Amino acid sequence: MSPAGVTFLDHTADVGFDIRAPSAPALLHTAALAMLALLRGQDHGGDGGGSPAVDRSPAVDRSLDLAAPDPARLLADWLRELLFLHEVNRLDYDRAEFDTLDLAGPCRLRARVALRPGGHAVREIKGVTYHEIEARPVDGGWAARVIFDV
């Protein structure tokens, strides 16, 4: 099931998505959920076989403190951190509380992220690329594009 506001992109040897969200925190939250949907193969409307039963395990909290010169690079760094936690610790993004989120350059975020034991990934994402990356304010919120190397 695709997160609301997400359009998945087919890209040569890559995958990605475009997002529209009503706020900067919603943009980061939606991007994290969309990346998780890609990992689970849920980007074409199906569950990709990677949608596990609801995990009732207690959330694991992590603090993230990131800085970048612009919103697009902050978005890329955010997703890289979450991908690292998925790959190394088998933890999947659940939600975040942003203590600091400043997208007027230099950009910074400080967040408490709740993670759950990871579900089954059917697609390997090697990394978040800078190819075509963007994150920008638009009327009524924010828009972004992210491409992943698979």
Side-chain angles (χ1 to χ4, degrees), residues 1-9 15-43 47-48 50-130 132-150:
M1 174 128 51
S2 299
V6 176
T7 302
F8 291 101
L9 306 171
V15 295
F17 50 73
D18 288 326
I19 298 174
R20 287 192 64 105
S23 65
L27 180 80
L28 294 173
H29 173 73
T30 303
L33 292 177
M35 183 176 71
L36 189 57
L38 286 171
L39 286 163
R40 292 184 177 162
Q42 297 170 333
D43 49 312
D47 73 5
S51 183
V54 175
D55 190 325
R56 302 287 182 208
S57 303
V60 175
D61 292 329
R62 294 282 196 273
S63 294
L64 293 181
D65 191 356
L66 303 171
D70 58 62
R73 290 186 194 184
L74 188 68
L75 175 60
D77 290 348
W78 164 253
L79 293 172
R80 280 189 187 106
E81 288 290 326
L82 297 175
L83 183 59
F84 175 83
L85 291 167
H86 168 80
E87 289 295 320
V88 173
N89 298 321
R90 307 312 295 169
L91 295 171
D92 288 345
Y93 175 85
D94 187 53
R95 66 188 178 284
E97 291 182 31
F98 295 95
D99 298 321
T100 302
L101 183 54
D102 183 2
L103 296 182
C107 300
R108 182 175 183 116
L109 77 77
R110 182 172 289 145
R112 290 183 312 275
V113 180
L115 305 147
R116 301 249 179 226
H120 175 67
V122 297
R123 174 186 283 134
E124 177 186 6
I125 293 178
K126 295 177 186 175
V128 182
T129 72
Y130 286 123
E132 296 185 29
I133 194 157
E134 65 177 38
R136 60 188 168 77
V138 294
D139 287 341
W142 281 81
R145 170 170 282 187
V146 181
I147 304 293
F148 299 90
D149 183 22
V150 294

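Please read all numbers here as calculations on a predicted model, not as lab measurements.
- Contact check for H86 versus I125: no side-chain heavy atoms found under the 4.5 Å cut-off.
- Ring geometry for F148 against F17 counts as tilted: the plane angle lies between 30° and 60°, on a 0 to 90° scale.
- A 4.5 Å side-chain heavy-atom check between Y130 and R73 finds at least one atom pair inside the cut-off.
- Closest heavy-atom contact between A59 and A114: CB-CB, 4.0 Å.
- Checking side-chain atoms of T129 against main-chain N and O of I147 turns up a donor-acceptor pair under 3.5 Å.
- Note that CG of L64 and CZ of F84 are 11.0 Å apart. Values are rounded to the nearest 0.5 Å.
- Between atom CH2 of residue W142 and atom CZ of residue R136 there is a gap of 10.0 Å, rounded to the nearest 0.5 Å.
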Under the side chain to side chain contact (heavy atoms under 4.5 Å, CB included) criterion, do E81 and V113 qualify, and how do the steps go? CA-CA 11 Å; E81 288 290 326; V113 180; over 6 Å; no
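- The shortest heavy-atom contact between L83 and G127 is CD2-CA, 4.0 Å.
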Under 3.5 Å, which donor-acceptor pairs do the side chains of residues 23-35 form with other protein atoms, sequence neighbours left out?
from	atom 1	to	atom 2	distance (Å)
S23	OG	A26	N	3.2
H29	ND1	Y93	OH	2.7
T30	OG1	A26	O	2.8

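- By the 4.5 Å heavy-atom criterion applied to side chains, L82 and L36 are not counted as neighbours.
- Separation of atoms CG (L66) and CG (L101) is listed at 10.5 Å; rounding is to 0.5 Å.
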With side chain to side chain contact (heavy atoms under 4.5 Å, CB included) as the test, would you mind laying out the steps for D92 and R40 before giving the verdict? CA-CA 11 Å; D92 288 345; R40 292 184 177 162; 3.0 Å; yes
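- Here CG of L103 is found 10.0 Å from CG of D70. Values are rounded to the nearest 0.5 Å.
- L38 CG to F8 CZ: the interatomic distance, rounded to the nearest 0.5 Å, is 5.0 Å.
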When you look at R95 and R112, which way does the side chain to side chain contact (heavy atoms under 4.5 Å, CB included) test go after all the steps? CA-CA 9 Å; R95 66 188 178 284; R112 290 183 312 275; over 6 Å; no
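- In this view, R145 and D18, E132 satisfy the side-chain hydrogen bond (donor to acceptor under 3.5 Å, both in side chains) rule, not counting sequence neighbours.
- In this structure, the side chain of R110 does not engage the main chain of D99 through any donor-acceptor pair within 3.5 Å.
- Under the 3.5 Å distance criterion, the side-chain polar atoms of R80 are matched with a main-chain donor or acceptor of V128.
- Between C107 and P71, the shortest heavy-atom distance links the atoms SG-N, 3.4 Å.
- Interatomic distance, CZ of R108 versus CG of D65, reported as 4.0 Å (0.5 Å rounding).
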